[in-house]
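Notes follow once the structure below has been shown.
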There are 2 protein chains.
Amino acid sequence: MSQLPKQRTEVSVPTSADVARLAGVSRATVSYVLNNNATVRISEPTRHRVREAATQLGYVPHAAARSLRAGHSRMVLLPSGHIPAGPLHQRFFQELQAGLRRLDYTVVQYGSAGLDADEAARAWAELRPVAVVVPPGITLTRHGTGVLTRSGAKAVITLGPEPVEGAHGLVMDQRRVGAGAVGHLLARGRRRIGVVMPREPGLAPFSEPRLAGARQAAGTAGAHILPLPLRYEEESAAELAGGWRELGLDAVFAYNDEYAMLLMRALQDAGVAIPGDTAVVGADDLLLGRLLRPRLSTVRMELAMEHPLAETIDRLVHHPGTAPVHHDLLRTSAVHRESS
Amino acid sequence: MSQLPKQRTEVSVPTSADVARLAGVSRATVSYVLNNNATVRISEPTRHRVREAATQLGYVPHAAARSLRAGHSRMVLLPSGHIPAGPLHQRFFQELQAGLRRLDYTVVQYGSAGLDADEAARAWAELRPVAVVVPPGITLTRHGTGVLTRSGAKAVITLGPEPVEGAHGLVMDQRRVGAGAVGHLLARGRRRIGVVMPREPGLAPFSEPRLAGARQAAGTAGAHILPLPLRYEEESAAELAGGWRELGLDAVFAYNDEYAMLLMRALQDAGVAIPGDTAVVGADDLLLGRLLRPRLSTVRMELAMEHPLAETIDRLVHHPGTAPVHHDLLRTSAVHRESS
DNA sequence: TTGAAAGCGGTACCAC
DNA sequence: GTGGTACCGCTTTCAA
C-alpha cells in the first residue's frame, strides 16, 4: 500500500533478542537465566543484568514460540458450550482447574458453540493441546478423537453421557438420575409418572438419558412414564398444570430442581395438592428447593473419583497409549423431603 | 535414561512437509492450496493432489506456528474466575462469543482463579492475544494493562465495576444496583434498610459497590443502611432472621434474588411479615423469584450497548491507539412485585 | 505454475 | 561461563 519503510507506529513487542542486546549477552544466555536452567552455570552478575534488562523492557516470553520449539505444549483444553453448568459441574471444573494449575498445566476453555462436532475437534487440534476434556453437552465423535490424538493430544477424556470410542470416558451416566428419581417415586407407591423434558435447546444430551433411565426403572415395575415438554417460563408451566388432571399422573420427575420449582408452583396454583395428588421430584439438590413449601424432594448427584482428575490426566500425559478406560462416575441418591 | 535411539512409539504429528512429500509438491504449494490463496494460481490437478494428501494424513495446521509466522494471532482472551456468572453475564458472553466467532476470532477462556492480578496478566500476555476482555470479578491493574498492550494486545477491555487506567472500560457500575434497590424501598416509605453482604469469597467485587450505591441513595434521603453478613446456607439465614426484630429494620436489599429467597424464607419462618414488617428486594429478576409468595421484588439489569461488543473489539483491533473509552453500560430498573 | 529459502521467537546442543 | 547456531511448522517473497 504505502511506500513508507514499514510503519512503526505500534511499539514492537520485546523479544529475547532485545533482552540479550540490552544486557550485552546472547539469546542463549537469556534463555538460560530466565528459565533458571540448572544444567548450565551462569555468573551472578550476568544473571542480574539479564533479569534487569527483561523487567526494564517488560519482556514476556512468547508461549507459541516456546511450545513450537519444545514440540509440545502444556495446554489442557476444555471445550465449553452454551449450557449453564449445574452446581455439580461447576465444582468439578473448579477442582479440575485448580488441580491442573498445581501441576503446571495451562487450562483453556474453548467456546465451541455453533460448530459441528468434527469442525470443533479440528479447531481444538489446531491448538495442539496435550489433553482435552470434553464436558457433557459437547459432542465428540470417534473421528474427532482420532484427529485430536493424531495431532498430539496425549489424553482425550469425555465426560458426556455416552462413551466415545478411542477416548477415555469418565462418563456421567445421566440415566442414573432418571432411574433414581423414578425408583424413589415407585418406592412411595406412585405408578403413573410424568417426566419433564425441557424445551430449551441444548439440554437434550441430559434430558434424553434421564428419560431413558426413568423408563428403565419404571419398566421393571410395570409403572407408566409420560414425557412432558416444558419451557422454562411461567406460561408454559401454567399451561401444563391446566391440563394436569386429564393426564392422570400421580407423580412427576421434573428434570431438575429449577423446572421442579416452576412446575410445582404452577400445580399448586391450579389446585393440585402436593404431594397428595401428585408427588414432585427434582434433581441437583439446590438450596432453593429446600425453601419451598412443601420442601422439594430431589436427586442428589455426586462424583465418585478415586483420584482427582487432574492427576489422572497427568498420568496419561506421561504414559500415553494406555487403553481407554470407561468409568461411570455418577452416584445418585434420592433425597426425600416433603414434595413426594 | 535409555540407550535406545529415541522411542518412536508415538506416531509423529503430520506437518505440511509430510503433505507436500505425499503430494509430490513443495511446502509452499501446500500452503497456497490449503489457504485458498488467491494471489497465486495453482492448477486444479495439483490442488486436488494436495487436498487428497492432507485428508489422507489427517493433517491439521499448527496454530502456534502459523501465528508465530504471521506475527499476530486472532485470539481473544476472556479470563474467567470462579464466580458463577449471573444470567446477565451468561447472555452477554454468549453473544460476545458468537459475534467474535462470526468475525473469525478464536475465543478462549483462561482460568485465572488463584493467580494474583499481575501474575495473571503476564500469563495472558504469554499467549499474545489480540484482545483481552476482563470480566467483573477479575482484577486488572494499570500495570497489567501495560504488560498486555506491550505484548501486542490491540484492545484491553475491562467490564469490572471500576475503570482501569489504560484499558477501555465498558464498565458495569454495580452501585446502580444498590441505588436502584434502595431508591425503590425509599419510594415505598422504608427508612431503615439492611443490605445483605454475602460471606462467600469472591463476591466482594459485586457486593461492595452495591452497598456503596445503597449508602449513596440512602444518604441523600436521610435513611439508614445496615450491612448484614450472610452465608448462602439455611443456618446462616435462620440466625440472621432470629435476631431480626432487634435490628429494627423495615426493609432489606438482599444482594441478589438467591440470597433474597433464602432470607425471605427464614424471615417468614421467624414470623416476620413480608412486606408488612419488612420489605425484601433482590436483584437479577430470576424466574424463581416470581414463584415465591409473596412474589419477590427485584432489580432488573440490562446492558445498554449501541453496538455489539464483538464489533467494537474488531474496530479496536483495526484501529488501535484509540484513546481508552469508558462507558457505564448497566441499566437497572426496580421491578415491584409483592415483597416490597 | 511451482520451488527454494528466509524468518517469526525461543531452546538446547556443541564449541570455545 | 558464554556464544553461535540449528531447528520447531508455517507463510510469503522472489526466482525460475
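Chain letters run A, B, ... following the sequence lines, proteins first, then strands; residues in each count from 1.
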Heavy atoms only: give me the nearest B:I42-B:R47 pair and the separation to one decimal. O-NH1, 3.3 Å
To the closest 0.5 Å, what do you measure between CG (B:L100) and CG (B:L78)? 7.5 Å
Report yes if some heavy atom in the side chain of B:R315 is under 4.5 Å from a heavy atom in the side chain of B:H307; otherwise report no. yes
Any side-chain donor-acceptor pair under 3.5 Å between B:N37 and B:S31? no
Rounded off to whole Å, could you give me the CG-to-P distance for the B:L57 and D:dC10 pair? 12 Å
Taking NE2 from A:H62 and P from D:dC10, how many angstroms apart are they, rounded to a whole number? 16 Å
Segment of DNA chain C, first to last nucleotide, that comes within the 4.0 Å heavy-atom reach of chain A: C:dG9 to C:dC13
Of all heavy-atom pairs between A:H89 and A:P136, which one has the smallest distance, and what is that distance? NE2-CG, 3.2 Å
Expressed in angstrom and rounded to an integer, what is the separation of A:E44 atom CD from D:dT2 atom P? 10 Å
With a 4.5 Å limit on heavy-atom distance, are the side chains of B:F92 and B:L159 in contact? yes
Side chains of B:S151 and B:W124: is there a donor and an acceptor less than 3.5 Å apart? no
All heavy atoms of A:G144 vs all of A:D118, minimum pair found to be N-OD1, 3.9 Å
Protein proximity profile, nucleotides 11-16 of chain D - base contact B, sugar-phosphate-only contact S, no contact -, cut-off 4.0 Å on heavy atoms: BBB---
For A:T46, answer base if it contacts any base atom (sugar-phosphate contacts may also be present), sugar-phosphate if it contacts only those atoms, and nothing otherwise; contact means non-hydrogen atoms under 4.0 Å. sugar-phosphate
